[in-house]
Trainee: 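There's a structure below that I have some questions on.
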Amino acid sequence: MSVLLWLVLVTAPRAPAAQAVLITTPRGETSVPVTTERGSAAVAAPRLGPPLGLTVALDGSRVTVGLSGVVFVFQLGAPFVRAGGVVYGLVGEPYVARDTVFLPLHWLADCVPRAVGGRYRWEPAPGGDTGRLVELPIASAVTATPPSTPSTAPVLPPSPASAPNPITGLRQRHGVVIDPGHGGVDPGNPGRYFPSGLVEKDITLAIGRLLRAELTRRAIVATLTRSTDTLIDLTDRGALCKAACDLFVSIHVNAMPDGRRADRVSGVETYFLSDAKTEDQQRVAQMENEAISFETGTSSAATGPLGFILRDLQVNEYLRESAQLAQLVQDSAARIHPGGDRGVQQAGFTVLTTARRPAILVETGFATNRTDGAFLASSLGQHKIASAIADGIVAYLLELERKRAVAAPARGR
Ligand SMILES: [Zn+2]
């Protein structure tokens with residue numbers, strides 16, 4: 001299959017069918033055709049090699065586009081693009097028709113200038129419908145992205161011959177999606193022992209950001225499902241972990257219901273997806289799944305009953321991996337936690353059902369316990385828990401690489 005690139009203009013239905021975006025670089029100009037609607041006639045797009053150095057590769061549902069050394073990873077049908085560990089929302093979704101990849105024009109106009117920091121400027125055309133992308137002189141470039149693999153190569157798995165990372169011992173590139181629980185209109189639990197009105201969503205975001213920093217320091221590509229105080233549908237969170245993602249980790253803070261025991265329960269526990277076995281596991285799953293009541297109902301991902309999803313072989317394939325990941329993260333987190341080790345648990349979390357990779361949910365402690373609450377609200381505590389989760393993830397990835405190395409001779413890749 002030959003892969004060509006078109007851009008789809010989704011915001012201006014009045015634009016005529018045959019338009020083009022001009023990409024201007026010091027080495028010359030190239031023109032990318034723009035189509036105005038899905039399924040319009042696909043004419044052979046021009047070769048987009050020099051002068052732009054733009055490459056397109058399609059692998060299953062993943063589209064990898066290289067531009068100026070930055071790798072953009074799209075998923076067909078998903079309004080997101082990932083570049084350098086950051087997920088950008090898109091107006092419109094990439095799709096394939098007649099051997100041609102269609103990308104939203106929004107990507108070129110908005111994401112490229114942001115992702116390739118300072119290298120490009122988008123200049124809208126006088127009519128406002130299209131425009132041109134101008135490459136700026138190299139001296140002004142400030143690229144915040146990590147060194148990229150050749151853009152036509154798959155992001156995962158990379159060459160097994162690469163030298164181990166001096167910090168982690170990992171030899172391959174890995175991607176992790178971090179999900180700070182709740183957000184926006186969904187505060188999570190009210191955080192009885194958090195200071196100054198902090199609630200669960202604030203703590204999960206703080207720990208999520210620190211975890212991203214800890215993983216980045218360990219040369220792991222880490223992406224947040226939310227980096228601000230916004231609400232993302234539970235079913236969309238896990239879906240962000242697909243091709244270039246090894247695992248999904250959701251961060252939460254536990255809370256006991258009001259009662260005599262409420263203050264006394266403390267500690268960290270790590271869940272992986274399964275049917276909840278005990279009353280306590282059911283309570284936690286129900287509490288975290290309640291975020292659905294805040295959602296707008298516009299989620300593109302289909303929700304189904306847990307029983308159905310659990311029968312899905314694709315999920316079952318990751319159950320054992322998820323259990324191992326949960327154990328390694330739990331062991332690491334329990335070592336530094338003042339509230340004690342509550343072990344690995346199983347429950348039916350909606351946020352975990354849509355991940356097509358090993359997925360866990362860490363309840364980092366109890367906001368209803370004074371010691372846990374103070375620990376989780378402190379900068380030191382947040383750093384400790386983020387670092388411990390990162391160590392657990394590295395331990396899992398080392399195991400994963402070991403298993404891949406054993407399987408490699410038969411894989412022919
Ligand atoms: Zn929560």
Side-chain angles (χ1 to χ4, degrees), residues 177-194 197-212 224-241 248-258 262 265-274 276 278-295 299 303 306 322 326 329-330 333 337 339 342-355 359-369 372-377 381-382 385-386 388-389:
V177 170
I178 303 161
D179 174 44
H182 311 277
V185 294
D186 169 18
N189 87 60
R192 187 185 305 161
Y193 287 113
F194 293 152
L198 289 178
V199 292
E200 182 184 358
K201 67 175 181 179
D202 305 311
I203 304 297
T204 61
L205 183 56
I207 294 173
R209 283 181 174 152
L210 289 170
L211 177 55
R212 178 175 60 177
L224 292 168
T225 56
R226 66 178 183 102
S227 56
T228 58
D229 184 15
T230 54
L231 182 66
I232 299 165
D233 286 6
L234 288 182
T235 48
D236 288 340
R237 294 181 187 235
L240 289 172
C241 184
F248 177 90
V249 52
S250 192
I251 306 290
H252 287 261
V253 180
N254 218 329
M256 286 301 286
D258 288 337
V265 179
S266 68
V268 59
E269 59 194 9
T270 305
Y271 283 81
F272 66 96
L273 175 71
S274 180
T278 69
E279 203 176 307
D280 202 42
Q281 291 166 347
Q282 281 169 10
R283 174 189 64 76
V284 176
Q286 191 182 348
M287 182 174 71
E288 302 301 7
N289 288 344
E290 270 170 10
I292 287 175
S293 64
F294 292 99
E295 292 169 0
S299 164
T303 54
L306 179 64
S322 296
V329 167
Q330 175 64 24
H337 203 285
R342 292 174 57 85
V344 169
Q345 312 278 349
Q346 308 177 30
F349 290 110
T350 301
V351 69
L352 300 183
T353 60
T354 47
I360 59 169
L361 185 148
V362 185
E363 291 284 358
T364 54
F366 283 79
T368 43
N369 176 267
D372 277 14
F375 177 73
L376 293 175
Q382 291 170 1
I385 197 95
I389 293 171

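Residue indices begin at 1 and follow the sequence shown. Every number for a ligand or one of its atoms is a count from 1 in the order of the listing.
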Trainee: Side-chain contact, heavy-atom cut-off 4.5 Å: Gln330 with Ile360?
Mentor: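 Counting from C-beta outward, Gln330 and Ile360 never come under 4.5 Å.
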
Trainee: I'd like to know if Asp258 pairs up with Arg192 as an ion pair, taking the criterion as any Lys NZ or Arg NE/NH1/NH2 lying under 4.0 Å from an Asp or Glu carboxylate oxygen.
Mentor: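 Here Asp258 pairs with Arg192 in a salt bridge, since their nearest N and O are under 4.0 Å apart.
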
Trainee: Can an N, O or S atom be found in Glu200 less than 2.8 Å away from the Zn ion (ligand 1)?
Mentor: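 Short answer: yes, at least one N, O or S atom is under the cut-off.
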
Trainee: So, do Leu240 and Asp236 sit near enough that their side-chain heavy atoms are less than 4.5 Å apart?
Mentor: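 No. Closest side-chain heavy atoms not under 4.5 Å.
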
Trainee: Does the side chain of Phe272 come within less than 4.5 Å of Gln346's, by heavy atoms?
Mentor: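 SC-SC contact between Gln346 and Phe272 confirmed.
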
Trainee: From the N, O or S atoms in His252, identify the one nearest to the Zn ion (ligand 1).
Mentor: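 Of the nitrogen, oxygen and sulfur atoms in His252, the Zn ion (ligand 1) lies nearest to ND1.
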
Trainee: Which is the closest N/O/S atom of Glu288 when seen from the Zn ion (ligand 1)?
Mentor: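 Going by distance to the Zn ion (ligand 1), the closest N, O or S atom in Glu288 is OE1.
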
